[in-house]
Amino acid sequence: MLWVKAFHIVFIASWFAGLFYLPRIFVNLAMVEPGSIAERGRLLLMARKLLRFTTLLAVPALGLGVWLWMGYGIGRGPGNGWMHAKLALVLLVVGYHHGCSVLLKKLEANTLQRSHVWFRWFNEVPVLMLVAIVILVVVKPF
């Protein structure tokens with residue numbers, strides 16, 4: 001199980017790296033001057049490739065997490081409220097990931113009118129979720 005846990009951590013870290021950087025590309029897209037077609041195209045290409053790669057990292061991260069959850073039997077019985085909170089946050093991370101794909105589609109269609117400031121705030125969300133998840137897993141406050 002230690003190998004599973006090690007690879008779970010590696011894939012989680014990699015998945016989050018993509019979730020940290022993808023919205024940063026969105027910030028840059030929101031700042032592109034209207035006539036900069038080449039720059040916009042290059043940023044959209046980077047975002048598409050990063051989203052695809054990040055999605056490929058999310059699948060084993062989640063699969064290994066389920067394996068650990070089932071293998072250790074965590075979450076059953078008293079004193080495991082932290083695991084329920086963690087799983088709720090994991091669902092939010094999956095939703096955030098999906099939200100990034102929706103935003104990218106709207107950016108590609110040029111139908112999204114969000115400012116770079118909005119994307120900068122949006123970019124902070126995965127950091128907060130990761131901090132909360134790590135605290136729940138390590139501290140197990142309830």
Quiz item: Would W69 and M83 satisfy side-chain contact (heavy atoms from CB on, under 4.5 Å), going step by step from the backbone distance to the final call?
Solution: CA-CA 9 Å; W69 182 43; M83 178 54 87; 4.1 Å; yes

Quiz item: Given side chains that start at C-beta, do those of T54 and L22 come closer than 4.5 Å, heavy atoms only?
Solution: no

Identify each donor-acceptor pair in which a side-chain atom of residues 104-112 lies under 3.5 Å from a protein atom, sequence neighbours left out, and give them as a table.
unit_1: E108; atom_1: OE2; unit_2: R48; atom_2: NH1; d: 2.8
unit_1: T111; atom_1: OG1; unit_2: K106; atom_2: O; d: 3.4

Practice problem: Search all heavy atoms of R40 against all heavy atoms of V32 and return the closest pair with its distance. | Solution: CB-CG1, 4.1 Å

Self-check item: F11 side chain reached by L62 side chain, heavy atoms, under 4.5 Å
Solution: no

Exercise. Kindly check if the number of other-residue, nucleotide or ligand heavy atoms within 6.0 Å of CG (L91) is above 12?
Key: yes

Quiz item: Looking at CG of L29 and OG of S36, how far apart are the two atoms once the value is rounded to the nearest 0.5 Å?
Solution: 11.5 Å

Exercise. Please list, chain by chain and in numerical order, all residues satisfying side-chain hydrogen bond (donor to acceptor under 3.5 Å, both in side chains) with H116, sequence neighbours excluded.
Key: R120

Exercise. Starting from V117, walk the hydrophobic network (Ile, Leu, Val, Met, Phe, Trp, Tyr; side-chain heavy atoms closer than 4.5 Å) and list everyone else you reach, by chain and number.
Key: W121

Exercise. Output, in order, the C-alpha distance, side-chain angles, deciding distance and verdict of side-chain contact (heavy atoms from CB on, under 4.5 Å) for L57 and I12.
Key: CA-CA 8 Å; L57 293 167; I12 289 293; over 6 Å; no

Exercise. To the nearest 0.5 Å, tell me how far T55 OG1 sits from L19 CG.
Key: 8.5 Å

Quiz prompt | Residue pairs fulfilling side chain to side chain donor-acceptor pair (under 3.5 Å) with at least one residue in residues 7-20, sequence neighbours excluded | solution = W15-H97

Quiz prompt | Spacing of CZ belonging to R42 relative to CD1 belonging to I25, to within rounding of 0.5 Å | solution = 11.5 Å

Practice problem: Would you kindly confirm whether V102 and L51 end up in one hydrophobic cluster when ILVMFWY residues are joined by side chain heavy atoms under 4.5 Å apart? | Solution: no

Exercise. Compare every heavy atom of G18 with every heavy atom of P23, then report the nearest pair and how far apart it is.
Key: CD-O, 4.4 Å

Quiz item: What pairs with F7 under ring pair (Phe, Tyr, Trp, His ring centres under 6.0 Å), at least two apart in sequence or on another chain?
Solution: none

Exercise. State whether the side chain of S115 and the backbone N or O of W118 hold a donor-acceptor pair below 3.5 Å, judged by distance alone.
Key: yes

Practice problem: Report the distance from atom CG of L89 to atom CH2 of W82, rounding to the nearest 0.5 Å. | Solution: 12.0 Å

Quiz prompt | From CZ (R52) to CG (L56), nearest 0.5 Å | solution = 8.5 Å

Quiz item: Could you give all pairs that pass the ring-ring contact (aromatic ring centres under 6.0 Å, His included) test and reach residues 19-47, with sequence neighbours left out?
Solution: F16-F20, F26-F119

Exercise. Not counting sequence neighbours, list each pair that qualifies as a ring-ring contact (aromatic ring centres under 6.0 Å, His included) and has a residue in residues 47-66.
Key: none

Quiz item: What distance separates L64 CG from M1 CE, expressed to the nearest 0.5 Å?
Solution: 10.0 Å

Table please: side-chain donor-acceptor pairs of residues 124-142 below 3.5 Å, with sequence neighbours left out.
unit_1: K140; atom_1: NZ; unit_2: V137; atom_2: O; d: 2.7

Quiz item: Looking at residues at least two apart in the chain, or sitting in another chain, which of them share a side-chain hydrogen bond (donor to acceptor under 3.5 Å, both in side chains) with R24?
Solution: none

